[in-house]
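This is a predicted model, so every value here is computed, not measured. Within every chain, numbering begins at 1; the chains are lettered A, B, ... in the order of the sequence lines, protein sequences first and strands thereafter.
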There are 2 protein chains.
Amino acid sequence: MRTERRTPLNRARVLDAGIALADTEGVDALTMRRLGGTLGVEAMALYNHVANKEDLFDGMLDRVAEEITLPDVDLPWRDYARARAVSAHTTLMRHRWAAAMWTARISLGPARMRYMDGALRSLREAGFPAGLLDLTYHAIENHIVGHALQAQGFPLEAAEMTAMGEGFLRTFPTDRYPDLAAHIRHHLDHPTGDDFEFGLDLILDGLERMRAVT
Amino acid sequence: MRTERRTPLNRARVLDAGIALADTEGVDALTMRRLGGTLGVEAMALYNHVANKEDLFDGMLDRVAEEITLPDVDLPWRDYARARAVSAHTTLMRHRWAAAMWTARISLGPARMRYMDGALRSLREAGFPAGLLDLTYHAIENHIVGHALQAQGFPLEAAEMTAMGEGFLRTFPTDRYPDLAAHIRHHLDHPTGDDFEFGLDLILDGLERMRAVT
DNA sequence: ACCTGAACACCGTTCAAGT
DNA sequence: ACCTGAACACCGTTCAAGT
């Protein structure tokens, strides 16, 4: 049985395979050799399509950014900000490894530039003055990334989550840290965790109030 | 010239050396061999004091948590939350590598447990009901971590920052992303970035309002 | 143009051996 | 009790060589 010669690699296929590997096995499992393996190719072949591992991550990140739905530019700023934040949040939940790189990397691809520029434009057109605008943008963005990073510590499956928590609480010094114990128990009872939109609306409400004043 | 026999290693010295190395050279430069080198010891000797690299990071993180000043428990919740958030923020700015691990790791040492338990206790005693309390805690925490992660992408020195930005803007498609370009320019003009407290107060104000209602 | 083999300078970690 | 040498199974990356 002869294995068919695969269609030649290209950058997009390398990036997508990288995302798939990081999604399923974790970002630590993403090595050039393993990534090559999933594509039926030696590790060195990847260097024809990405400059190095940094460039690979930057490319993966921008491809993730493409998955974020940018709202209609004519929406009121609050609806625009809310819709884009929710979409960014959903996307980062699908690709949890991306959270730690999301704002920490300076290198921006076109999709991330569109994302940022659109958000900033919406705020400016809503009348946020220069200084407040940048603070506003970061307040929202920090919440998105902070939440995604927090979610990273938890397993994806609810059952797995419960098992982890039970084992955790068994050895936990509940009497010394009663409030923390209650907090952990709360996480076990509410594994879905819709607290993203709670914090988001808190921020958006505050921003609307500030905008009205200035 | 004979080198004096050093006082034997212990866990605290290993952790502190790890923090110092990560602070100065970046977390990627923190390898067991290099860390051993800074302590005048072979890499393998470290395994007498930390179980493995995971354990090393967990230990370092808890030592960082010790640097956070926990406010007086008798303070009103808003003052407590604000003081602890500002102290956590200052600490994470000193140890930027810690941001990505801060909430993503489940393994908690005693210092982080004290930090979390104290924060949760203050909110509970202020009358936040069970459900709201956990949302509140995360809203604040997400902001701290989100901001720290965002700061990670920027160099520490103002001069270095300006140089980076100038080079960045030179090749930047300003006409295609005018609002993003303005945002970057804003970052260059305000390298200090006191936007942490802006977002923090936004959240705290919103929380106080919710607490008053319930 | 794209891929591979061999090689280099690293990693984390184990373990028997030293003091 | 603490440290080391040697070793193992990996890394990212370069480069000459193959098709």
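- B:His186 and B:His183 have parallel rings, their planes meeting at less than 30° on a 0 to 90° scale where 60° marks the start of perpendicular.
- Across all strands, A:Met44 comes closer than 4.0 Å to base atoms (heavy-atom distances).
- Residue B:Leu39 contributes atom CG, which lies 14 Å from atom C1' of D:dC2 at whole-angstrom precision.
- Closest to the A:Pro8 side chain, of the nucleotides D:dC3, D:dG12, C:dC2, is C:dC2.
- Remark: B:Arg124 is not positioned above the aromatic ring of B:Trp77, lacking an NZ or CZ atom under 6.0 angstrom from the ring centre and at most 45 degrees off the axis.
- Distance CZ (B:Arg33) to C1' (C:dA9): 11 Å, rounded to an integer number of Å.
- A straight line from CG of A:Leu46 to P of C:dC2 spans 14 Å, rounded to a whole angstrom.
- Residue B:Asn52 contributes atom CG, which lies 18 Å from atom P of D:dC10 at whole-angstrom precision.
- More than 12 heavy-atom neighbours from other residues, nucleotides or ligands sit within 6.0 angstrom of CZ on B:Arg94.
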*asked:* Reading 5' to 3' and counting Watson-Crick or G-U wobble pairs with both distances under 3.5 Å, write the dot-bracket notation for DNA chain C, | for bases paired outside the strand.
replied: ||.|||||...|||||.||
*Worked check of side-chain contact (heavy atoms from CB on, under 4.5 Å) between A:Glu67 and A:Leu92*: CA-CA 10 Å; A:Glu67 292 181 24; A:Leu92 286 181; over 6 Å; no
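- Atom pair B:Asp28:CG and D:dC11:C1' shows a separation of 13 Å (rounding to whole Å applied).
- Judged by a 6.0 Å distance limit and a 45° cone about the ring axis, B:Arg84 is positioned over the six-membered ring of B:Tyr115.
- The number of heavy-atom neighbours closer than 6.0 Å to CZ of B:Arg121, taken from other residues, nucleotides and ligands shown, is 12 or below.
- Rounded to whole angstrom, the span from the CE atom of B:Met32 across to the P atom of D:dA9 amounts to 20 Å.
- Shown here is A:Asn10, whose CG atom has more than 12 heavy atoms of other residues, nucleotides or ligands within 6.0 Å.
- When distances are taken from the side chain of A:Ala45 to each of C:dT4, C:dC11, D:dC3, the shortest belongs to C:dT4.
- Rounding to whole angstrom units, OH of residue A:Tyr47 and C1' of C:dC8 are separated by 13 Å.
- As rounded to whole Å, 17 Å separates atom P of C:dG18 from atom CD of B:Glu42.
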